[in-house]
Amino acid sequence: MSEVLASMAGNVWKILVKAGDQVEEGQDVVILESMKMEIPIAAELDGTVKEVKVNEGDFVNEGDVIVVVE
């Protein structure tokens, strides 16, 4: 199991996956908005999305778990 972490603090602008989706290493799973920039957050390995821990509009801090992949 792997956790996808926020690389910086920001607002969750768009969630690109849902539980049950297959993802590949390097695939964007969430887009954060910080300082008027869009920052894509990618899966670090292939797998199935087990849980999305955030909602669009949520604020996350650097290091927060945003998606769990197994």
Side-chain angles (χ1 to χ4, degrees):
M1 190 164 7
S2 174
E3 296 177 331
V4 179
L5 307 177
S7 59
M8 64 182 351
N11 291 310
V12 178
W13 183 69
K14 187 162 188 147
I15 298 171
L16 305 173
V17 296
K18 62 185 180 311
D21 285 355
Q22 292 290 116
V23 294
E24 297 179 0
E25 180 180 354
Q27 178 180 337
D28 293 343
V29 295
V30 171
I31 298 177
L32 298 181
E33 185 275 325
S34 181
M35 300 183 298
K36 302 200 186 290
M37 294 180 5
E38 295 174 12
I39 298 98
I41 307 297
E44 296 177 4
L45 52 77
D46 296 348
T48 303
V49 176
K50 181 177 179 186
E51 183 179 4
V52 178
K53 298 239 184 214
V54 295
N55 295 303
E56 290 182 2
D58 286 355
F59 181 83
V60 294
N61 289 301
E62 182 178 352
D64 285 356
V65 177
I66 52 179
V67 176
V68 177
V69 177
E70 62 179 2

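Bear in mind the structure is a predicted one, so any value in this text is a computation, not a measurement.
Between Glu33 and Lys36, the shortest heavy-atom distance links the atoms OE2-N, 2.9 Å. Contact record, Gly57 with Asn11: O-OD1, 4.1 Å, taken as the closest heavy-atom pair. Of all heavy-atom pairs spanning Ser34 and Ala9, the tightest one is OG-O, 3.1 Å.
Side-chain contact between Ile31 and Leu16: present, with at least one pair of heavy atoms (C-beta onward) separated by less than 4.5 Å. Between Leu32 and Val12, some side-chain heavy-atom pair lies under the 4.5 Å cut-off. Looking at heavy atoms from C-beta onward, Ile66 lies out of side-chain contact with Lys53 at the 4.5 angstrom threshold. Inter-residue side-chain proximity for Val68 and Glu70 is flagged as unmet; no heavy-atom pair is nearer than 4.5 Å.
When the side chains of ILVMFWY residues are joined at heavy-atom separations under 4.5 Å, either directly or via intervening members, Val52 and Phe59 end up in two distinct hydrophobic clusters. In the hydrophobic cluster analysis, where Ile, Leu, Val, Met, Phe, Trp and Tyr join through side-chain heavy atoms closer than 4.5 angstrom, Ile15 is grouped together with Met37. Residue Val65 is not grouped with residue Val60 when hydrophobic side chains (ILVMFWY) are merged at heavy-atom distances under 4.5 angstrom, including chains of intermediate members.
Taking NZ from Lys14 and CD1 from Ile41, the interatomic distance works out to 15.5 Å, rounded to the nearest 0.5 Å. The CG atom of Leu5 sits 6.5 Å away from atom CD of Glu44, with the distance rounded to the nearest 0.5 Å. Of the inter-residue distances, the one linking Asp21 atom CG with Gln27 atom CD reads 8.0 Å to the nearest 0.5 angstrom.
The backbone N or O of Glu25 lies less than 3.5 Å from a partner atom in the side chain of Asp46, making a donor-acceptor pair.
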Original post:
How far apart are the C-alpha atoms of Val30 and Val4, what are their side-chain angles, what is the distance that settles it, and do they pass the side-chain contact (heavy atoms from CB on, under 4.5 Å) test?
Top reply: CA-CA 9 Å; Val30 171; Val4 179; over 6 Å; no
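Each of Val69, Thr48, Val67 was compared with Val23 under the side-chain contact (heavy atoms from CB on, under 4.5 Å) criterion, and only Val69 meets it.
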